[in-house]
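Written out below as structure tokens is the structure these notes cover.
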Amino acid sequence: MAAHLSSGRVNLTALREAGRRELRQFLDKCAGSKAIVWDEYLTGPFGLIAQYSLLKEHEVEKMVTLKPGRLPQADVKNVIFFVRPKLELMDIITDNVLREDRGRSPQRDFHILFVPRRSLLCEQWLKEQGVLGSFIHREQYSLDLIPVDGDLLSMESESAFKECYLESDQTSLYHAAKGLMTLQALYGTIPQIFGKGECARHVANMMIRMKREFPGSQNSIFPVFDTLLLLDRNVDLLTPLATQLTYEGLIDEIYGIQNTSEDFFDNLTVEQEFMSGIDTDKANNYIEDCIAQKHPLIKILRLVCLQSVCNSGLKQKVLDHYKREILQTYGYEHILTLNNLEKAGLLKLQTSGRNNYPTIRKTLRLWMDDVNEQNPNDISYVYSGYAPLSVRLAQLLARPGWRSIEEVLKMLPGPHFEERQQLPTGLQKKRQHGENRVTLVFFLGGVTYAEIAALRFLSQMEDGGTEYVIATTKLINGTSWIKSLMEKLEPAPF
Amino acid sequence: MSRARADEEEYWHSSKFRAFTFDDEDDELSQLKESKRAVNSLRDIVDDDDDDDDLERVSWSGEPVGRRNRLPSFQSLSNALSDTGVKNYAPELRRPKAEYKDYSSDWSPKDTVKRMQRGKVCSLERFRSLQDKLVLLDEAVAGHDGNVITAVLIFLKRTLRREILFRELEVRQVALCHLIHFLKETGEQKLLLDLLRFLDRTEEVALSQYREHLNIQDVEKRREFLKGCIGLPFSAEDTSHIQDHYTLLERQIIIEANDRHLETAGQSEIFRKYPRKASILNMPLVTTLFYSCFYHYTEAEGTFSSPTNLKKTFKIPDKQYVLTALAARAKLRAWDDVDALLTTKNWLGYTKKKAPIGFHRVVEILQRNNAPVQVLQEYVRLVEDVETRLNLATKYKCHDVVIETYRDLKDRIQLTAYKCKVERGSAEEQNINSILNNTQIRWKN
């Protein structure tokens with residue numbers, strides 16, 4: 001069953017096994033028959049670690065979704081809540097617990113498993129509601145990095161981008177660092193760390209500090225990874241906005257969306273015009289038409305953000321015009337979302353008066369006119385001629401190195417840096433002749449299937465020299481990404 | 001690996017007296033049934049170093065014991081924030097069990113934070129001076145552990161005057177962001193706004209307050225609330241949007257009341273024929289305009305519900321107006337209205353058809369509303385781009401337009417081919433034939 005995890009250069013089965021072990025241990029602690037009450041959001045990530053059969057082996061007899069009201073009757077000894085540490089979920093749990101029939105016999109024991117961390121705030125909240133004492137085991141399950149595929153790890157943290165770039169909240173970065181420490185404990189210390197972006201810098205700092213505080217964590221495992229590359233999502237805001245054109249990317253984008261094929265191609269045309277620098281400085285007719293026809297708001301937002309990024313921000317007149325049309329058509333309350341997009345740098349005013357994007361595009365050769373999708377020789381095939389900036393940076397890091405693109409790097413947001421971690425003597429990696437380096441690329445804020453495809457393409461290149469393993473806070477596409485930045489406009493259930 | 005039942009009993013009982021170590025099994029402290037007594041006796045040892053009478057005693061069920069009834073102190077941190085992840089993958093980190101016996105009242109802020117990170121009992125009450133508190137905060141921040149930072153912030157929030165807390169956080173970005181996030185999560189709106197005002201993040205204050213309107217279901221109350229938002233420190237553009245939002249809701253309330261009355265009175269034909277599917281309250285502006293063009297099209301500009309009034313009040317651009325009105329009138333199959341919308345008169349009195357949105361769009365909208373071919377044809381004829389015109393005319397069987405266009409293009413082959421698309425013996429067929437027979441035309445093929 002774990003065949004796909006061991007298929008890559010790095011065997012990620014060990015990581016999943018460690019995750020399963022921890023889960024088993026907790027389940028066994030709550031001895032006896034059990035029912036699990038699931039925070040719906042977690043069923044996806046958990047599904048990557050363990051199947052129901054594993055849970056059954058540990059006496060899980062029933063599984064239900066977390067919701068307000070009375071818990072189902074199930075005749076089990078234990079009821080375990082698997083939840084993220086969010087206050088609104090604590091309210092639901094409180095409701096469940098308070099409605100429990102204390103007269104029933106036998107009584108059921110309650111437990112909570114916080115994923116990925118316990119939270120002081122949540123436990124205080126439960127205490128204030130008077131239910132904290134009802135729980136026997138309150139633990140955390142550190143599901144930081146989950147192996148999704150043989151070369152792909154994800155934290156499945158949907159809110160990471162918003163937290164990091166809108167709220168300057170470093171919680172997800174902390175989890176990223178912890179995930180990396182776990183990875184190093186299993187696969188050896190990574191000797192070289194490169195990074196670009198503020199968040200990358202924070203994660204590297206955390207890693208260094210964590211290592212210093214636990215000196216005993218120096219282990220004798222032969223390092224599997226040569227390099228870690230930490231990349232902020234906001235170094236490349238463009239890639240997730242464009243419609244992906246690889247098979248998996250397309251499926252990911254199209255699923256659930258009812259475009260006509262005509263409209264799809266119109267959309268694509270406009271995107272490609274923007275990405276090649278055509279008419280990015282004025283209000284676009286197609287976008288206006290779509291607003292007038294009240295196409296889904298997310299589609300509109302993607303396009304205007306794409307235009308903004310390709311123009312290094314929009315001129316005041318154009319920005320005001322779009323904003324007005326959007327608010328008049330979809331409702332004034334969306335001013336909150338527009339504000340979020342501005343804060344994230346996606347839809348903003350052009351401040352410097354000049355557009356850097358064409359320079360970046362030309363210097364890094366992001367736009368390849370002669371792309372051959374059947375027999376691609378460059379990563380630009382994933383967007384039919386556009387090479388993802390993020391992957392280009394990874395590619396250039398391997399060869400010839402970032403020194404040669406210092407000027408361009410400075411145009412991109414955030415610091416770039418290099419750190420070295422000491423390896424115990426004797427563990428210095430000696431590469432065999434012809435053996436590839438292994439680089440772990442960590443996207444802080446999300447990664448798209450197209451970028452994954454591009455990195456896999458590089459891995460497979462003969463004489464490429466480097467194989468890539470990809471880690472991220474979340475797998476995203478333009479729609480899910482923009483959605484995570486939209487203000488929740490419905491009032492909370494409680 | 002599951003344990004046998006008999007072993008379980010033994011397991012639970014034997015570990016009763018273990019206190020705070022790294023091993024996550026030792027979290028039995030949270031197992032109320034067996035450990036209560038043991039734990040309470042243990043707590044005596046723990047509290048030994050604290051002379052502080054202010055310490056709140058909290059039983060394991062969470063209820064405060066004793067006379068004080070404040071917010072629980074973070075002594076509840078003693079509910080082991082054990083770091084199971086580290087334990088599993090870095091076994092060298094296990095500390096000797098003896099360490100829990102090592103209580104000292106002299107832990108520095110740095111050590112305190114370290115202990116908190118490992119989930120050990122720590123009382124912060126002993127940090128009395130501002131200086132100490134700040135060092136504690138800085139250490140917590142440097143350690144990156146969110147739970148520890150939160151715990152320290154809760155402590156500071158409780159023991160520092162607000163102005164001092166704000167002032168100190170202003171220069172500590174990470175702690176500041178952490179507190180803001182915390183206040184948002186716990187819904188402490190007032191304190192959050194005070195903090196933002198202090199930081200002069202006035203626009204954020206404005207937006208944060210504006211956001212609250214979403215929680216107000218009652219329309220009148222919401223209207224009042226929005227009115228109050230107008231004076232807030234938004235940016236110039238945003239201010240006008242907020243103003244519009246208020247004005248719109250105000251209008252909608254009036255329109256809704258009137259129309260509800262009209263509907264129930266049963267006198268108005270339009271409402272009888274097309275009963276309203278939903279209330280107009282809280283709908284976007286363009287939707288409101290559509291509604292107004294549908295139900296109140298002929299009203300004079302003076303009324304709140306007339307389309308022209310909406311256009312003027314909200315400065316709706318021509319393009320948007322025509323598009324919306326067109327859609328509404330087309331839905332009602334009011335072709336004359338459609339015609340009037342698209343006709344302009346110049347000063348000489350000559351009329352001309354003009355569409356600020358392009359005639360192909362007009363055709364699209366009309367077609368979607370099942371306009372009869374005669375009506376559709378008129379506008380297909382006006383589509384500027386020849387290819388588009390031909391496409392649309394062919395698609396929607398506007399034969400006359402196709403015929404005319406091929407004639408104008410002098411394309412004999414296409415015109416001949418089109419004969420099979422028209423009915424045998426029809427007027428259109430005759431038309432084609434007569435054109436084909438016209439010797440004056442210089443066909444290109």
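We name chains A, B, ... by the order of the sequence lines, and we start the count at 1 in each one.
Using a cutoff of 4.0 Å between basic side-chain nitrogens and carboxylate oxygens, B:R211 and A:E487 are scored as salt-bridged.
The part of B:E364 that comes within reach of chain A is its side chain, from C-beta onward, which places non-hydrogen atoms under 4.5 angstrom from that chain. If you measure heavy-atom distances from B:H181 to chain A, the contacts under 4.5 Å come from the side chain alone.
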Practice item. Applying salt bridge (Lys or Arg N to Asp or Glu O under 4.0 Å), run through B:K184 and A:E167 and close with a yes or a no. Key: CA-CA 11 Å; B:K184 280 186 184 162; A:E167 299 166 0; 5.0 Å; no
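The structure places CD of A:Q328 at 6.0 Å from CD1 of B:I316, a figure rounded to the nearest 0.5 Å.
Here the side chain of B:D238 pairs no donor or acceptor atom with the backbone of A:I335 at under 3.5 angstrom.
Of the residues considered (A:H111, A:Q293, A:R209, A:Q170), A:R209 shows the highest number of contacts with chain B, using heavy-atom pairs under 4.5 Å. Here B:T186 is the residue among B:I180, B:I357, B:T186 with the most heavy-atom pairs under 4.5 Å with chain A. Of the residues considered (B:H241, B:Q320, B:E203), B:H241 shows the highest number of contacts with chain A, using heavy-atom pairs under 4.5 Å. When B:I216, B:D244, B:T150, B:N282 are compared by the number of non-hydrogen pairs under 4.5 Å with chain A, B:D244 comes out ahead. Comparing A:K86, A:E333, A:H334 by how many heavy-atom pairs each has under 4.5 Å with chain B, the most go to A:E333.
Crowding of A:K294 atom NZ: a count of heavy atoms from other residues, nucleotides or ligands under 6.0 Å exceeding 12. Shown here is A:K343, whose NZ atom has more than 12 heavy atoms of other residues, nucleotides or ligands within 6.0 Å.
Using a 4.5 Å heavy-atom cutoff, the side chains of A:E325 and B:P317 are not in contact.
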